[in-house]
K.L.:
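The structure follows.
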Amino acid sequence: MTLLKVDKLSKIFGGLTALDAVSLSIEDGEIHGLMGANGAGKTTLFSIIAGNQRPSSGTVHFAGARIDRLRPDQICRKGIARTFQIVRPFAGLTVRDNVETAMLFGQTEALSPRERDRLIGSILGECGLDGLADRVASSLTLSARKRLEVARALATGPRLLLLDEVMAGLTPTEVTDMIAALKRVKDNHGLTILIIEHVMSALNQMSDRITVLHRGQLIAEGTPEDIARNPQVAEAYFGVDDSELEGRP
Amino acid sequence: MATDRNRQAMRRILLPLLLTLAGAALLYGGGLRAGPYWQVVALTLAMWIALIQSWSIFSGLTGYVSLGHAVAYGLGAYLMATQFRDYPVWVLIPAGGALAGLFALIVAIPVLRIRGPYFVILTFGLAELVKFALLRLETALGASSRLLFGAPGTTTLLAWMVALAAAATLLRHFVGLSRFGRGLIAIREDETAAETLGVPVTRFKVLAFALSAVIPGMVGAVMALRSTYFEVLQVFSPTISFTIVTMAIIGGSGDARGPVLGALFLVGLSELLRGASPQLYLILLGLCLIAFVLFAPNGLSGLLDRRRK
Amino acid sequence: MLDTLLSGQLLFAAAVLGALYALIGLGLNLVYGTMRLLNIAHGDFLMLGAYGAFWWFTLTGISPLIALPLIAAGGAGIGLALYALVFRKQLATGLAPAVIEARSLLLFFGVSVVIQNVTALLFSATPRAYRHLDTVYQIGQTAMTGNRIASLLVALAILGGVLVFLNRTLFGLEIKALIQHREAARIVGINVSRVQIVAIALGFGSAAIAGGLLSMTEQVTPFMGFRFTIAAFVVIIMGGLGNILGGIVAGFLLAVIEIYAVTLFSAEARSILIYGAFVAILLISPQGLLGRARR
Ligand SMILES: Nc1ncnc2c1ncn2[C@@H]1O[C@H](COP(=O)(O)OP(=O)(O)OP(=O)(O)O)[C@@H](O)[C@H]1O
Ligand SMILES: [Mg+2]
């Protein structure tokens, strides 16, 4: 069954086409990787799916219903949660309060305080944040903040989880831990995951299918093996000459 | 676990309730016994507590600093001053609150799209616009000032005002604990993240803005009875908004204690400076604001917390 | 009716006021643009300049025009003292820009209240005025007082001078670069704090000069500044942040609208109009100044 269907989605910023008629289907239960060089339009795609930005044209359907005109909070309650590439914790609140807030608003049915406590405990455990529950979010390391992003997204009770470079800036051991954690999380919560990552090995290990964006266009889609063999992808990823990389963060 | 929960309920619900009631009783009883002079001081203190707590429901929780709350106060006072002869007071006070809340509800939708410091100066500009527009209206009506005859005495007004202060304090405290309040705090911390995690930010901001105007409207209505004399420039004065913000910064707006501390501090200061020129008072107010923003941005209640830790 | 509207009299009045608006808008552009802090005390520096001119003339009897450099230095000095004592530390705290902006707004608010009330305490709240250069010159149908002509000419000269400075000198170009492309300016190696200091001195100094000029034709009171703070914001939002020329045009435009509104309706319409324009502009351009700056 198709859970998310993106149809001819375009986004134009001033004169810049960040997304150019991108169409994409995500099947229920898969882990779908999304890759592409800097500025390819990956985060923009997430922002539109999650309702943070409006598309210039095209549609998004989730579980059969059209969602591209909805507000982010409505989309969240329909079951889509995203993380932010540049993390956005509630800096002045504790880790527990961050997660609890997400739970209070993202979940469609109200939980009793006891159920909430239990669920918060298990989510913090899954994301390796057990010991940090009472720490103020602004005092966390980057790695912990990335895990908090995931924990908070999970707390909204999503069916589809959009992860935007949650492994960037992590050490190799942390990446390994994160991959294990994500797989566990997916099984425990019965999730579908769309994940953006530059660390290609990580993406290959996890993904059932991978989609590649290049300058706003979808240039390839398939299993990790297909993608690894695709000459267009190699061109797009490694064929860019140095002058184009300059000035990019 | 169960005792934990009980203790928490005690700390969060019972204790604030009892403290507020005790404070109200003290303020009212003390005011009654201490004679006319102290009644006025108690009335002033209760007025500021009611105003700052209400302000803090919106500004303390969402972080959107409103410099326009004088309008809510002024509208309540205006309603009382114009309708005093035709309607009983017990109708006009709640009506003043309703009018202020309704006005806030209407302006909130366009105004709350604006964020950050622009929001602050926008509320200020809007308040001045309302003031001058009403002034124009009053001039056109040929009523540059209005007198109220037969208003209730100070002790009655004190009782009402203390009730408003207590209501505002409890409202602030319990809104802060509620799901609604948690959403508002999330908006303060990061509006985009809050929205993405399911907080209906626009609805919450608008509701909080309107809610925070209701009690100030009622306070304005009561204060119109107190001064028995009404002038647009006075009741819509930006000094009211400025004083609210200053007291809130000095007291701290992170919880319901701060506004009480801030009001005590500044009413105490103005009592000390009684007889000195009003300018001196305002200068000290300005200096206190600067000092607290620079050295204790979380206010007196923040300092208390730090000491405890 | 149409005759009055098209008369040189109104246009002249609008030009005089417009030059002052352009001048304070320019000052605010410099201060806001380089520090990214909303200086809501800007009009109070105009008020200080007006008092400076008033006392200078009252005590010495010498034309306040002679004292303008002194007045400008006074405004710049107070502005720099504030920067050094209060705002430099804020800017260096490393807090989120939104927090710094919010706090600085409150700080400027406190500064504004202190300046106004210290002035009121020292000089009383009574409006002050003096007569200087009030000979009337008749040019065609238009009657012009000497002080208005002088005010217009001086303001234009200063506007011209600052424009040349900003566009023709390296330092001026650095200021403009900092206003328009903050991050890029840092990367290119512009010494930000040095540029800020000059821009602040220029910004506050020009506000004080505007006050000195205004005092020749309007009453001086401790609380006169706020109206001009608001006008200055309208001007720079209308003209575009960092767009010095746009700000000057906007200053004249606002003055024309204001003068005609006062003539057509009443003097009270002035406040309604200025605040109305202010609110409308902020609502229409929700990102306010920043939205334009990013473009
Ligand atoms: N709000 C915006 N306004 C204007 N341009 C934007 C905006 N957001 C993104 N862009 C531009 O759109 C393009 C796509 O950006 P996007 O952030 O989606 O890329 P990305 O694939 O996530 O890149 P990265 O790997 O660096 O995160 C970029 O050129 C970017 O500069
Ligand atoms: Mg990205």
Side-chain angles (χ1 to χ4, degrees), chain B residues 59 63-65 67 107 110-140 188 190-191 238-239 241-243 245-246 248-249 276-295 297, chain C residues 36-38 40 85-86 89-90 95 97-122 124-125 222 226-227 229-230 233-234 237 265-266 268-283 285-291:
Chain B
S59 293
Y64 278 73
V65 173
L67 267 177
V107 298
V111 165
L112 281 166
R113 287 181 307 139
I114 316 296
R115 300 186 186 183
Y118 300 100
F119 174 82
V120 186
I121 58 172
L122 176 60
T123 54
F124 201 108
L126 200 62
E128 290 289 278
L129 182 62
V130 171
K131 178 177 89 180
F132 285 114
L134 265 185
L135 191 64
R136 181 102 180 80
L137 182 71
E138 286 286 277
T139 320
R188 178 184 74 202
D190 188 325
E191 194 161 334
T239 310
S241 304
F242 168 60
T243 311
V245 175
T246 307
I249 299 283
S277 72
Q279 276 101 26
L280 193 63
Y281 169 69
L282 283 170
I283 292 169
L284 283 173
L285 213 62
L287 290 176
C288 285
L289 176 63
I290 295 173
F292 271 87
V293 172
L294 283 180
F295 303 115
Chain C
R36 285 301 146 90
L37 303 179
L38 292 181
I40 51 171
L85 290 174
V86 178
K89 277 198 207 103
Q90 277 293 303
L95 290 164
V99 178
I100 295 183
E101 280 205 11
R103 283 194 187 163
S104 303
L105 186 69
L106 292 169
L107 289 172
F108 271 123
F109 202 43
V111 166
S112 171
V113 171
V114 171
I115 291 182
Q116 287 175 12
N117 286 287
V118 167
T119 311
L121 200 62
L122 289 177
S124 89
F226 199 74
R227 195 187 112 205
T229 302
I230 295 293
F233 272 108
V234 173
I237 300 172
F265 306 110
S266 71
E268 280 166 10
R270 178 201 302 262
S271 306
I272 299 183
L273 185 96
I274 294 263
Y275 286 106
F278 177 68
V279 168
I281 275 180
L282 274 178
L283 286 178
S285 163
Q287 277 93 44
L289 318 168
L290 283 173

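Remember, it's a predicted structure, so these values are computed and weren't measured experimentally. Quick note on labels: first sequence line is chain A, next is B, and so on, each numbered from 1. Values reported hereafter were calculated over all heavy atoms of this structure, with side chains retained and with hydrogens, waters and symmetry mates removed.
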K.L.:
If you tally heavy-atom pairs under 4.5 Å against chain C, which of Pro297(B), Ser277(B), Pro110(B) wins?
P.N.:
Pro297(B)
K.L.:
Quick one: side chain to side chain contact (heavy atoms under 4.5 Å, CB included) partners of Val120(B), sequence neighbours excluded?
P.N.:
Val65(B), Leu67(B), Leu105(C)
K.L.:
Quick check: do Phe278(C) and Ile121(B) have side-chain heavy atoms less than 4.5 Å from each other?
P.N.:
yes
K.L.:
Of all heavy-atom pairs between Leu282(B) and Val113(C), which one has the smallest distance, and what is that distance?
P.N.:
O-CG1, 3.5 Å
K.L.:
Can you tell if the side chain of Tyr275(C) reaches within under 4.5 Å of the side chain of Val130(B), non-hydrogen atoms only?
P.N.:
no
K.L.:
Any chance the rings of Phe124(B) and Phe233(C) have centres within less than 6.0 Å?
P.N.:
no
K.L.:
With a 4.5 angstrom heavy-atom cut-off, is it the side chain or the backbone of Phe226(C) that approaches chain B, or both, or neither?
P.N.:
side chain
K.L.:
Can you tell me how far the CD atom of Gln116(C) sits from the CD1 atom of Ile283(B), to the nearest 0.5 Å?
P.N.:
11.0 Å
K.L.:
Which bit of Ile40(C) is near chain B, if near means a heavy-atom gap under 4.5 Å: side chain, backbone, both or neither?
P.N.:
side chain
K.L.:
To the closest 0.5 Å, what do you measure between CG (Leu280(B)) and CG (Asn117(C))?
P.N.:
9.5 Å
K.L.:
Counting heavy-atom pairs closer than 4.5 Å to chain C, which one of Ile290(B), Val245(B), Leu126(B) comes out on top?
P.N.:
Ile290(B)
K.L.:
Residues in salt bridge (Lys or Arg N to Asp or Glu O under 4.0 Å) with Arg188(B), at least two apart?
P.N.:
none
K.L.:
Where is the tightest heavy-atom contact between Leu289(B) and Leu106(C), given as atom of each residue plus distance?
P.N.:
CD2-O, 3.4 Å
K.L.:
Return the minimal non-hydrogen interatomic distance between Leu283(C) and Arg113(B), and the atom names on each side.
P.N.:
O-NH2, 2.9 Å
K.L.:
Does the side chain of Lys89(C) reach to within under 4.5 Å of the side chain of Leu294(B), using non-hydrogen atoms?
P.N.:
no
K.L.:
Give, as side chain, backbone, both or neither, the part of Leu285(B) having an atom under 4.5 angstrom from any heavy atom of chain C.
P.N.:
neither
